[in-house]
J.: 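Before I ask anything, let me first share the structure, which is written out below as structure tokens.
Proteins get letters first, then strands, A, B, ... in listed order; numbering begins at 1 in each.
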Amino acid sequence: MLHVENVAGGYGKKNIVKSVSFHVNKGEMLGILGPNGSGKSTLLKIISGILPKTQGTVTIDGKDASNYSQKEFARKVAVLPQLHAHAFSHTVLETVSLGRYPYQSGLFSSWSNEDERAVTEAIKHTAITRYKDTHIELLSGGEQQRVFVAQALAQEAPILLLDEPTNHLDIAHQQQLLDTIRKQAVDKGITVISVFHDINLASLYCDRLLLMNNGEVANIGLPLDVVKEEAVRAVYQARVKTQPHPELAKPQITLLSDADEELKPFSVTKADISISSDYVALHSEKPLKTLSSAVHNAGMGWFRTFVNRHVDADYHCDDVKVEMASYLEGQGFHDTDTVGMMTAVTTQHAEVEEYHADFGSVIIVVTAGVGNAVDVSEALTRDREHRIGTINTWVIVNGQLPDEAFIQAMITATEAKAKALQTEKVLDPLTGTIATGTSTDSLLVAATQQGEHLPYAGPITELGKRIGHGVYDCTVRAIQAYKKAKGWTN
Amino acid sequence: MNKSSVAYIVSAATLIVAVWLGVSIGTVKLPISTLWNGSADATATTILWKIRMPRVVLAGLVGASLAIAGAAFQGLLKNPLADPYTLGVSSGASVGAVVTLFFSISIPFLGAYTLPVFSMIGAALTMFLVLGFARLVDRSMKMETIILTGIIFGSFLGSVLSLMIALTGEELRQIIGWLLGSVSMRGWNYITMILPFVIVGSLMLWFNRRELNAMLFGEERAHHLGVNVKRRKFMILIGGSILTGAAVAVSGTIGFIGLVVPHMTRLLWGSDHRHLLTLSFMNGATLLIICDLIARTIISPTELPVGVITAFIGAPVFAFIFYRQRKKGAM
């Protein structure tokens, strides 16, 4: 659809864009990224003919762009401008109608049905029908931008160029605008080339990305291949981390702050853990990076407070999450800063121990109730049942863990727990085989992300050894305490 | 009926009323029937056809030219303060005229028309100089460049005018009178002299009505919409200059019409140039005919320069419309 071959150009004699080549297929959405001054807007201006090129060719639909007349070009390529203030204003309808300019010919040419249809459709697609007779100066920035989108759509050009279309728009309007454009691209096969400041927006909406640096193409390809930590760091000179988008296979970046305050050392000790008859709680001075299967605030996140709450054995509630949230609030815990678990085990039977190593220490907290023990290998034959009996395990690490170490820590802790059940000969009451856990176990791994970097947490690493030993040790003791309380042993 | 039809009907009606008032009111009251009543009083017919009608038509043409040129320049330069005199073409025309008066030049076969002809030459020379210089400074001829070049040439030529006024003796009153502007005692010849320029200039602007709409959003936007910005801009500047030069040559520098008529028209009927240009043309004619009527009747038999009246009448009218529109906008 559009081929850019070895193009260079800029303002005056200085080439801001130096030898850029790429192509865009029909119906494709290409995002142009790059730091300030990298030439991305200049490149767009060269393509749209506002700035002259000093070398190279731009081919549109197999024909050299410089061979198009001004109106022919406007029938092929529509451009969405950045917002500007205007001395005199048109109404919305007049503004959108101007999009049909390239189709008007002759001195007295009149408005055709085709023009009318294109304008009506563009106004409908951008949902601005109710402003039709309003002066654009009276509209908000987001609404004005929609009017210009409608103008560009009324041009009915197969190629749409956008220069930072979401500038000055709030996130809702950014989304609305890009959703509209994306929909047009998909429905009508419009080819879109857009300059973006926001890497995440570009990654989210574009099929391919072109990363520019110093007037040259630094990288071009799928968002997954372009939005890479090292590349972004090198081009933008910014410390970033990439993460997957929660719903789509599009990478997103997060800025890493260099603020000193975050780096002041702190650690968690056994003494930070308090046990009352209602709950076992840990309150850390600073947030810990946490991965858990808790009831409240499960998953990955940063939290300061950790609560393992005692509930009666006949606790029953339709919406456990809501009840848990209101309980935590009632106890004075901060909703967004707290991870909450539940257990029917008396909190006095919680086992808390700190295990020291060269890198620092690991604190293990376990509450174990095994009335509901399950042999996972035999679980397929079970019916659903709701009996309280839970092993809740916390692993708190004074150290820096990458994501994979969190997962390894969870594996190690789980294996240690299964071994403890085996040692204690806890049986699955239905099958009579050795149980591997209970039906509602929870596990939490939290780390201070301070001090030594601990890349792995497998069973023979220094960290893994402490976790394995600690979890096994604490779980065995907790089960023994439980059995004793139940009167199963002496 | 849509808004633009109403606008055309209202503007045409006020123009007709203005013409009617312009020809019938004066030291001798003439019934409008003199126009078609062949058996009417011979003196009345003579006054109407030889004196009043040419005066009204000339006032109309001058007012129309200034107003349409003003509307186009304001739109093209995207500047509400722009008027036909922004480019400095009028100063060139004035210098041409004042030179004629100052040196009492009279070219034999031109006779009384020496002044308007010199004035037009002055206007044309200035136009080419201004556009040429602007192009020299900045090949893409940005709006700011054009405005600044106009200011440079306008002020330079203005000081040439001041110099001649300072050095002049008995012609002072004549020069000042000409500069303030008047359409009296010109006759049909003046009309035939400027009519071709008015037609050509107005058509050049009218053929660019859609382009002017696009250029309101800036040259870059207009380019993206498919407008050949360079060529169109040139056409508009030359068309407007032709109108301004012709108007100033026959009537002096009549102020206010070219600045305010487009604004009034825009406030009343919107800024779509497809209608704005034609409506400004009609309303400019109406306003100058009325102003000229007042100029010659208000302290009759003495006549005031019409340039004094345009602002005198125009400013309060504009203030009223401005106030009413803002009130309406605020509600």
J.: Please list, in residue-number order, every residue in residues 116-135 of chain A that has a heavy atom less than 4.5 Å from any heavy atom of chain B; write 'none' if there are none.
T.: none
J.: Pull out the residues in residues 43-57 of chain A that come under 4.5 Å of chain B, heavy atom to heavy atom, sorted by number.
T.: K45(A), S48(A), G49(A), I50(A)
J.: Ignoring hydrogens and geometry, is there a side-chain-to-backbone donor-acceptor pair from H224(B) to A74(A) under 3.5 Å?
T.: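 Checked: no pair found.
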J.: Rounded at 0.5 Å granularity, tell me how far OG in S97(A) sits from CZ in R210(B).
T.: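 Between S97(A) OG and R210(B) CZ, I get 11.5 Å after rounding to 0.5 Å.
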J.: Got Q155(A) and L225(B) here, is their nearest side-chain heavy-atom distance under 4.5 Å?
T.: yes
J.: With a 4.5 Å cut-off on side-chain heavy atoms, are Y101(A) and N213(B) touching?
T.: no
J.: Could you check which of T91(A), L161(A), T95(A) has the highest count of heavy-atom pairs closer than 4.5 Å to chain B?
T.: T95(A)
J.: For the CG atom on D187(A), are there more than 12 heavy atoms of other groups (residues, nucleotides or ligands in this structure) within a distance under 6.0 Å?
T.: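 Result for CG/D187(A): enclosed.
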J.: Which of parallel (below 30°), tilted (30 to 60°) and perpendicular (above 60°) describes H90(A) and H273(B)?
T.: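 Judged by the thresholds at 30° and 60°, the geometry between H90(A) and H273(B) is perpendicular.
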J.: With a sphere of 6.0 Å drawn around NZ of K63(A), does it hold more than 12 non-hydrogen atoms of other residues, nucleotides or ligands?
T.: yes
J.: Is there a donor in the side chain of Q70(A) and an acceptor in the side chain of R231(B), or the other way round, less than 3.5 Å apart?
T.: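 There is no such pair (donor and acceptor under 3.5 Å, judged by atom type) between the side chains of Q70(A) and R231(B).
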J.: Taking every heavy-atom pair that is under 4.5 Å apart, which of G270(B), G75(B), S271(B) has the most such pairs with chain A?
T.: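 That would be S271(B).
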J.: Side chain, backbone, both or neither: which part of Q74(B) has a heavy atom under 4.5 Å from chain A?
T.: both
J.: So which of V227(B), D272(B), V229(B) has the largest heavy-atom pair count under 4.5 angstrom toward chain A?
T.: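 With the most close heavy-atom pairs to chain A, the winner is V227(B).
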J.: Check whether more than 12 heavy atoms from other residues, nucleotides or ligands sit under 6.0 Å from atom CZ of F153(B), and answer yes or no.
T.: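 Buried by this count: over 12 neighbours within 6.0 Å.
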J.: Is the side chain of R221(B) donor-acceptor paired with the backbone N or O of V79(A) at a distance under 3.5 Å, no angle test?
T.: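 Between the backbone of V79(A) and the side chain of R221(B) there is a qualifying donor-acceptor contact (under 3.5 Å).
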